[in-house]
Amino acid sequence: MKLSSRSDRVTVSGIRKVFELAASIEDPIDLSIGQPDFSVPEVGRQAAHKAIDEGFTRYTLTQGIGELRQKVKDYYKNLHGVEFEQSIVTSGVAGAVLLAFFSLLEEGDEILIPDPAFMLYEQWANFLGAKTVRYNTYPDFRAYPERIEAAITDRTKLLIVLSPSNPTGAVLPDSDIRKIAEIAKKHDLLVLSDEIYDRFTYDSEPTSICRYYDNVLCMGGYSKFAGMPGMRLGYALGKEELIGCMRKLQQFSFVCAPSVSQKIGVAMLDADFTPTLERYRRKRDIIYDGLKDNFDVEKPGGAFYIFPKAPWGTGTEFAEYAIKNKVLIIPGGQFSAQDTHFRLSFAADDATLHKGIDVLNRLAKEPPAKT
């Protein structure tokens, strides 16, 4: 069998490798995977049961049920004061990214992504023959608008903005977002704003570039805040032309987002997230306070990740040593052109966090002997 040369442009995720490794380790301290430590709340479960009892398990409209699409639009209007032309319900944010990239990118196009960033964007850009250009956010993971502008060329098609960020947990200040909007407007760029973690914002109110610029595709979803990563429910909001193309492509790929998940989505957008936010703010404080004395680390303002600098060696070397000691973390080189840091997810129970902190602090002080 001869596979397509295009398929070789996509590499296996290092995160999945660690995820699979966890199954072979007895009693691992798993701080690797970005999924919450809770399941769908009661209001969502009731909506799911009702949907199944009523036989709501058939195909829906490709773009999603009208009630959910309107709920998503209302959510953005209430939160950011912006009314989008169209919305589409997708099979997770990953599905939305795929549909958007297939709608937009051609061979030779350039996309700007932060460094570090979740690897999904680069993988699909590579698959389509587009070039990924990274704008450096080190050392404190701010966007640095002047670095973005310096990276723009006449081939730049798309600018990716992540806030809160995976893998760093950084939240862009509103002043930076305004400057990025000005740059995007000056160069007539489409901005893809991935806002999957918008509810996990600990020290400020959620904001979005859509407040200051209208050529934006905003994406969000339910995997994180609703505790349903395996139920694949996301959404995208933007201009009619782009959403219409994404809808056309979804007809022949995902067909539609899972029907029962969509009913959960309607119920969950109105649910009170405050108790969960407070619990995760406390987890953020536990992990940051536990590591800050032995690691060079920025305090994350959102999401549920922290991105410390390896105390010795490369990020990969430190992560591999941690894994040998049953602490599962992800090398920072999976997200970045630099292999200096590692990602840790604090979406775990408190006992696991404290165990991980103890082991990581010990490893920071006791590097392996050189042979």
Side-chain angles (χ1 to χ4, degrees), residues 10 13 15-16 33-36 40 44 62-64 68-69 71-73 75-76 79-80 84 86-105 111 113-114 116-125 127-128 158-172 190-201 206 208-210 216-238 242-243 245-247 249-250 253-258 261-262 264-265 268-269 273 302-305 335 343 345 347:
V10 178
S13 167
I15 298 176
R16 291 296 153 189
I33 302 299
Q35 58 182 349
V40 180
T62 294
Q63 63 268 36
L68 180 54
R69 285 184 286 119
K71 281 270 190 181
V72 169
K73 291 178 71 176
Y75 173 72
Y76 266 76
L79 185 61
H80 301 302
F84 282 89
Q86 282 293 345
S87 61
I88 182 173
V89 180
T90 60
S91 291
V93 174
V97 170
L98 184 149
L99 294 172
F101 277 27
F102 274 61
S103 297
L104 292 164
L105 297 180
I111 70 168
I113 67 171
F118 190 58
M119 68 287 294
L120 174 70
Y121 319 103
E122 183 173 24
Q123 295 285 350
W124 279 124
F127 182 82
L128 295 167
L158 185 63
L159 168 61
I160 309 293
V161 174
L162 307 179
S163 183
S165 164
N166 176 9
T168 68
V171 174
L172 299 183
L190 173 65
V191 175
L192 189 159
S193 185
D194 186 339
E195 301 171 6
I196 181 68
Y197 296 100
D198 68 338
R199 297 195 184 213
F200 293 88
T201 304
S208 171
I209 196 169
C210 70
V216 175
L217 182 70
C218 285
M219 295 181 175
Y222 289 78
S223 294
K224 314 303 180 181
F225 89 89
M228 48 188 280
M231 301 188 76
R232 310 315 303 139
L233 187 64
Y235 53 79
L237 306 98
L242 176 53
I243 297 295
C245 187
M246 293 170 65
R247 181 170 63 240
L249 295 181
Q250 181 150 274
S253 54
F254 303 100
V255 181
C256 63
S261 296
Q262 292 189 55
I264 298 174
M268 285 303 302
L269 268 184
F273 189 68
F304 38 67
Y305 308 104
F335 311 93
R343 191 194 77 172
S345 168

What pair of heavy atoms forms the shortest contact from V10 to Q123, and how long is it?
CA-OE1, 3.2 Å
What distance do H80 atom NE2 and S208 atom OG have between them, rounded to the nearest 0.5 Å?
4.5 Å
Point-to-point distance, once rounded to the nearest 0.5 Å, from CD1 of I160 to OG of S193
9.5 Å
Run the side chain to side chain contact (heavy atoms under 4.5 Å, CB included) check on Y76 and S87 step by step: do they pass?
CA-CA 11 Å; Y76 266 76; S87 61; over 6 Å; no
Do I33 and S345 have side-chain heavy atoms sitting under 4.5 Å apart?
no
Are any side-chain N or O atoms of Y222 and backbone N or O atoms of G265, one a donor and one an acceptor, separated by less than 3.5 Å?
yes
To the nearest 0.5 Å, what is the distance between CG (L104) and CG (L192)?
8.5 Å
Please confirm whether the backbone N or O of F335 pairs with a side-chain atom of E122, one donor and one acceptor, at under 3.5 Å?
no
Given side chain to side chain contact (heavy atoms under 4.5 Å, CB included), test I243 with L217 step by step and report yes or no.
CA-CA 9 Å; I243 297 295; L217 182 70; 3.8 Å; yes
Backbone of L233 reached by a side-chain donor or acceptor of S261 within 3.5 Å:
no
Could you check whether any side-chain N or O of K73 sits under 3.5 Å from a backbone N or O of L237, counting only pairs where one atom can act as donor and the other as acceptor?
no
Between S253 and L99, is any pair of side-chain heavy atoms under 4.5 Å apart?
yes
Are the side chains of L120 and D194 in touch, meaning some heavy atoms are under 4.5 Å apart?
no
So how far is it from Q250 CD to L98 CG, rounded to the nearest 0.5 Å?
10.0 Å
What distance separates S103 OG from L249 CG, expressed to the nearest 0.5 Å?
4.5 Å
Students often mix this up, so state it plainly: with edges at 30° and 60°, are the rings of F200 and Y197 parallel, tilted or perpendicular?
perpendicular
Verify, without hydrogens or angle tests, whether E195 (side chain) and C218 (backbone) share a donor-acceptor contact under 3.5 angstrom.
no
Side-chain contact, heavy-atom cut-off 4.5 Å: Y235 with K71?
no
is_close_aromatic(F101, F127), centroid dist under 6.0 Å:
no
Interatomic distance, M246 atom CE to Q63 atom CD [nearest 0.5 angstrom]
12.0 Å
Does the side chain of S223 reach to within under 4.5 Å of the side chain of M231, using non-hydrogen atoms?
no
